[in-house]
Amino acid sequence: MAPPTEMSRRLTFLLAAAAGASIGNLYWAQPLLGFIAADLHAATATAGWLVTVTQLGYAVGVLLLVPLGDVLDRRRFVPVMLLASTAALLMCALAPTIEVLLLALGVLGVTTISGQILTPLAGDLAGDAHRGRIVGVVGSGTLTGILASRTISGLVADTAGWRVVYALAAVVALHFAVLLHRAIPPLAPRTRLPYPQLIASVGAVVTGERAARWTLALAATGFATFSLFWTALTFLLSGPPFRYPVAVIGLFGLAGLAGVLSGLHGGRLHDSGLSLPATGVAWMLALGAFVLAAFAGRSVVLVVVAIVMLDVALQTQALLNRARLFTLSQVARSRLNTALAVGNFIGAAVGSAAASILWSAGGWTAVTIAGAGLCCVALAVWALGRRGPLLTPRPGNIPVL
């Protein structure tokens with residue numbers, strides 16, 4: 001493997017930008033469902049499946065393709081996946097019917113997993129003393145892609161149509177494929193396993209280290225909390241007393257950029273040996289955000305403050321969770337990242353479903369009480385684990401099949 005000194009500032013930000021562009025492919029359609037349905041003469045309910053199919057494809061790609069980062073040369077693997085995404089994006093741009101677009105978006109979801117490969121790659125290239133900071137920068141690039149994609153998609157579609165969104169995204173993916181092939185140093189595979197054993201060993205790398213299981217539990221709780229809040233926030237802002245249109249509601253996501261900034265600096269806490277204390281502080285801040293949010297049902301100012309507090313808290317703890325996981329193994333970081341992404345995906349799905357149920361049962365009050373309860377559960381896990389199960393051993397190789 002290339003020495004850590006090859007992880008230059010330029011390469012760090014290139015990985016961050018590429019990761020952000022890749023994850024953004026999952027969200028181009030989200031604000032465009034009405035445009036796409038009208039253009040392809042499809043029912044709105046059918047268009048609603050566009051986002052679902054993309055997310056399901058992404059889950060399949062994470063589970064079946066991301067582990068290959070541990071056994072393949074990522075200098076070749078990442079550009080190949082980006083080229084596959086380029087083809088899928090062009091299929092989206094040219095899709096003549098809603099059925100073809102659904103198929104193309106499913107393929108796009110499976111192939112747009114480069115960000116989940118680049119993050120552990122950054123962890124591999126970074127030295128131990130700077131791994132948290134480097135992973136934080138790349139992780140912040142991913143979050144920026146999620147936040148920016150919806151805004152960019154709406155602006156471009158209003159000006160030039162929804163097909164241009166996917167055509168431009170294809171050009172960007174192709175551009176990053178070329179740049180990353182040139183910039184990533186040659187990397188020998190960290191381990192050699194037949195593909196069936198590789199996939200099976202995702203579970204082994206989790207069961208082989210107690211700190212991984214406890215960290216994954218905290219991470220999934222964080223994503224459930226995040227998804228609970230943001231799903232219910234749409235209900236709050238679209239109803240009385242706010243009654244904001246969809247375009248205005250989307251702007252509230254820009255307050256989440258505070259989470260990006262926390263990711264840029266939060267990695268230094270891990271590098272300084274403060275990962276576990278900072279995780280506890282982050283969850284206490286999240287609990288405070290839900291307490292504040294409970295009183296924000298009629299104040300847009302309090303809503304924005306709660307958003308900033310919650311995003312800083314949850315993005316910081318998410319970064320620290322990933323950085324701690326990457327200290328557990330030098331040969332299984334892609335598989336650990338696979339387990340993390342799958343757990344986060346499940347947590348987010350549970351949070352979204354719970355938001356709808358809680359809103360129907362008790363509105364914003366029920367949502368904020370549930371969110372505060374999740375924060376208390378996470379704080380209990382942190383308090384029990386901070387002196388034992390959450391402590392990570394010095395970097396090494398955890399058991400793999």
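Counting begins at 1 with the first residue of the sequence. Every heavy atom of this structure was used, including side-chain atoms; hydrogens, water molecules and symmetry mates were not. Predicted, not measured: the structure shown is a model, and the values here were computed from it.
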Next item on the list: Can you sort out the partners of A323 under side chain to side chain contact (heavy atoms under 4.5 Å, CB included), two or more places apart, ordered by chain and number?
Entry: H270
Item checked: Test item: L68 and F77 side chains (from C-beta on) under 4.5 Å apart, heavy atoms -> yes
Check: When rounded to the nearest 0.5 angstrom, what is the spacing between OG in S85 and CG in L90?
Finding: 11.0 Å
Note to self: So, using ring-ring contact (aromatic ring centres under 6.0 Å, His included) as the criterion, who are the partners of Y195 when residues are at least two apart?
What the structure shows: none
Next item on the list: Write out all pairs satisfying side chain to side chain donor-acceptor pair (under 3.5 Å) with one or both partners inside residues 13-23, taking only residues at least two apart or from two chains.
Entry: S22-T112
Note to self: Taking salt bridge (charged side-chain N to carboxylate O under 4.0 Å, His left out) as the definition, give me every residue that meets it alongside R163, ordered by chain and number, with sequence neighbours left out.
What the structure shows: D39
Note to self: Between S329 and R335, is there a side-chain donor-acceptor contact under 3.5 Å, judged purely by atom types and distance?
What the structure shows: no
Next item on the list: Would you check if L63 and F345 make a side-chain contact, meaning some heavy-atom pair closer than 4.5 Å?
Entry: no
Margin query: Do L32 and L50 have side chains that approach each other closer than 4.5 Å (heavy atoms only, starting at C-beta)?
Written below: no
Notebook entry, point to check: Mind checking what makes side chain to side chain donor-acceptor pair (under 3.5 Å) contact with W214, not counting sequence neighbours?
Noted result: none
Check: Taking S227 for the side chain and G351 for the main chain, is one N or O donor matched with an acceptor at less than 3.5 Å?
Finding: no
Under 3.5 Å, side-chain donor or acceptor atoms of residues 366-380 against the rest of the protein: list the pairs with distances, not counting sequence neighbours.
from	atom 1	to	atom 2	distance (Å)
T368	OG1	W364	O	3.1
T368	OG1	T365	O	3.0

Check: Looking at residues at least two apart in the chain, or sitting in another chain, which of them share a side chain to side chain donor-acceptor pair (under 3.5 Å) with Y166?
Finding: none
Note to self: R322: which residues meet the side chain to side chain donor-acceptor pair (under 3.5 Å) condition with it, sequence neighbours left out?
What the structure shows: N337
Notebook entry, point to check: Any sub-3.5 Å donor-acceptor pair from T54's side-chain atoms to L26's backbone N or O?
Noted result: no
Note to self: List the residues meeting ring-ring contact (aromatic ring centres under 6.0 Å, His included) with W359, not counting sequence neighbours, and say none if there are none.
What the structure shows: F235
Notebook entry, point to check: With sequence neighbours left out, which residue pairs that include part of residues 55-65 fulfil the side chain to side chain donor-acceptor pair (under 3.5 Å) condition?
Noted result: Y58-Q116
Checklist line | Non-neighbouring partners of T12 that pass side chain to side chain donor-acceptor pair (under 3.5 Å), sequence neighbours left out | finding: none
Next item on the list: Using side chain to side chain contact (heavy atoms under 4.5 Å, CB included) as the criterion, list what pairs up with A183, not counting sequence neighbours.
Entry: R10, L11, L14
